[in-house]
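Along the sequence shown, the residues carry numbers beginning at 1. All heavy atoms count here, side chains included; hydrogens, waters and symmetry mates do not.
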Amino acid sequence: MKTAFFSSRSYDEEFFDRFNTGHELKYFPFPLNGGTAPLTDGFRAVCVFVNDQLDRQTLAALSSRGVEFVVLRCAGFNNVDLQAAADHRIRVARVPGYSPHAVAEHAVALILTLNRKTHKAYNRIREQNFSIERLTGFDLYGKTVGVIGTGQIGSVFSKIMLGFGCRVLAFDIRKDDGLSAAGITYTGLDELFAESDIISLHCPLTPETRHLFSAASLGRMKRGAMLINTSRGAVLDTGEVIRALKTGHLGYLGIDVYEQESALFFRDLSEEIIQDDMIARLMSFPNVLITSHQGFFTREALEQIAKTTLGNLTAFERENACPNEVPLPVRLTGHAG
């Protein structure tokens with residue numbers, strides 16, 4: 001099937017070309033949005049990633065050019081206006097699970113790096129500074145770790161932290177009996193905030209989780225606690241997180257996602273002046289560690305993403321059905337006007 005592939009990088013082309021079994025993929029290195037949608041003339045499908053903008057304007061432009069199918073090469077679909085997709089009869093599919101271990105292990109890497117300051121030690125040694133002053137960390141053993149969201153990634157992360165000897169508290173609207181049997185305690189958010197030495201976020205971005213970490217919720221956290229976010233940037237109110245860091249109430253912050261990341265992540269801006277004052281402020285804190293949405297970035301995950309995405313295209317083309325299709329809301333209009 002002829003597919004316009006947006007926000008492509010060299011690793012995308014490597015893995016998709018390796019596993020492609022006949023689809024015609026046209027790679028575009030820039031994101032899909034209202035301005036780039038006219039490039040989809042003659043394409044039946046588009047393949048997009050986390051920072052492509054599929055709002056009503058973009059979807060209308062896609063529909064007018066004959067696009068019928070949006071296939072996301074990621075699990076989250078908060079960047080797609082599902083009502084607009086339904087109105088324009090554009091179907092949407094995703095990769096519901098690729099390698100939960102990849103993201104869960106990256107969250108653990110953020111914790112260990114922030115705690116033991118290995119990034120700082122590495123830079124010191126390269127400058128022949130062998131001092132260990134101000135590199136003090138803490139034992140993970142015996143600490144309380146709060147996990148918000150116990151889907152595939154949160155489940156793997158929780159089990160890893162049990163392996164460190166941590167007490168694990170969890171919050172999710174759906175409890176996992178297997179995790180409870182493994183020793184993880186489901187609790188309310190208030191208790192999780194108050195008792196956790198580390199909180200790790202593994203929830204999707206929904207209207208209910210947007211700015212879940214506001215001034216009020218940050219204030220309920222234990223003073224000096226660590227906050228890790230590998231889910232979606234807008235789960236944090238970045239301005240309030242900065243204020244909590246400045247007062248010292250928030251002890252550590254590790255993020256692989258950022259609320260305004262679409263203008264920054266996956267790009268080399270090393271020769272430019274960053275105009276985003278909030279991320280510049282975050283980068284100035286010694287107790288903040290930022291990675292550029294690389295939690296998914298393992299060979300195993302890239303292989304599974306390519307295979308599943310190409311399988312979604314094949315299923316749609318051959319059977320007009322897809323097992324990974326995102327349910328769309330009931331159309332509010334009888335046509336795509």
Do [X] and [Y] sit in the same hydrophobic cluster, where Ile, Leu, Val, Met, Phe, Trp and Tyr count as joined when their side-chain heavy atoms come under 4.5 Å apart?
X	Y	value
Met1	Phe43	no
Leu227	Val235	yes
Phe77	Tyr98	no
Ile305	Val50	yes
Leu62	Val71	no

Is any side-chain N of the basic residue among [X] and [Y] closer than 4.0 Å to the acidic one's carboxylate O?
X	Y	result
Arg210	Asp237	no
Glu259	Arg232	no
Glu68	Arg91	no
Glu13	Arg9	no

Check whether any side-chain heavy atom of [X] lies under 4.5 Å from a side-chain heavy atom of [Y], and answer yes or no.
X	Y	result
Lys159	Leu179	yes
Phe49	Cys74	yes
Met278	Leu282	no
Val70	Leu54	yes
Leu169	Val145	no
Leu218	Val241	yes
Val156	Ile153	no
Arg44	Phe316	yes

How far does [atom1] of [X] sit from [atom2] of [Y], to the nearest 0.5 angstrom?
X	Y	atom1	atom2	value
Asn324	Asn312	CG	CG	4.5 Å
Leu250	Glu240	CG	CD	12.0 Å
Leu114	His119	CG	NE2	6.0 Å
Asp172	Ser158	CG	OG	9.5 Å
Leu205	Ser231	CG	OG	8.0 Å
Glu105	Leu112	CD	CG	11.5 Å

Where [X] and [Y] come nearest, the two heavy atoms and their spacing:
X	Y	value
Thr247	Arg223	O-NH2, 3.1 Å
Phe157	Ala104	N-CB, 3.7 Å
Phe265	Asp256	CE2-O, 3.7 Å
Ala37	Leu32	CA-CD1, 3.9 Å
Ile255	Leu236	CG2-CD1, 4.0 Å
Ser7	Asp12	O-OD2, 3.7 Å

Would you kindly say whether [X] and [Y] are connected by a side-chain donor-acceptor distance under 3.5 Å?
X	Y	answer
Glu127	Asn123	no
Tyr258	Asp276	yes
Glu261	Asn51	yes
Thr314	His23	yes
Glu208	Thr206	yes
Tyr27	Asp17	yes

Aromatic rings Phe266 and His293: how do their planes relate, parallel, tilted or perpendicular, breaks at 30° and 60°? tilted
Please check this pair: side chain of [X] against backbone of [Y], looking for a donor-acceptor N/O pair closer than 3.5 Å.
X	Y	value
Arg94	Ala75	yes
His249	Met221	yes
Asp81	Ala84	yes
Thr58	Gly34	yes
Arg126	Tyr122	no
Ser284	Arg281	yes
Thr113	Leu110	no
Ser8	Phe6	no
Asp197	Thr144	yes
Gln275	Ile273	yes

Met226 pairs by side-chain contact (heavy atoms from CB on, under 4.5 Å) with which of Ile198, Leu253, Ile199? Ile198
Check: [X] ring centroid to [Y] ring centroid under 6.0 Å:
X	Y	answer
Phe5	Phe28	no
Phe213	Phe193	yes
Tyr11	Phe297	yes

In sequence, state the C-alpha distance, the side-chain angles, and the governing distance for Thr309 and Phe16, and then conclude on side-chain contact (heavy atoms from CB on, under 4.5 Å). CA-CA 9 Å; Thr309 303; Phe16 273 80; 3.7 Å; yes
Working for side-chain contact (heavy atoms from CB on, under 4.5 Å), residues Ile228 and Val108: CA-CA 9 Å; Ile228 302 293; Val108 176; over 6 Å; no
Should Ile111 and Tyr252 be marked as a side-chain contact (heavy atoms from CB on, under 4.5 Å) after you check the CA-CA gap, both sets of side-chain angles, and the distance that decides it? CA-CA 9 Å; Ile111 292 171; Tyr252 311 79; over 6 Å; no
Would you say CD of Glu300 has more than 12 non-hydrogen atoms from neighbouring residues, nucleotides or ligands within 6.0 angstrom? yes
Using a 6.0 Å cut-off, check whether atom NZ of Lys2 has over 12 heavy atoms from anything other than its own residue. yes
Given His106, which of Thr298, Thr291, Thr230 fulfils the side-chain hydrogen bond (donor to acceptor under 3.5 Å, both in side chains) condition? Thr291
For Gln294, side-chain hydrogen bond (donor to acceptor under 3.5 Å, both in side chains) partners two or more places apart: none
Who are the side chain to side chain contact (heavy atoms under 4.5 Å, CB included) partners of Leu135, not counting sequence neighbours? Lys117, Lys120, Ala121, Arg124, Ile132
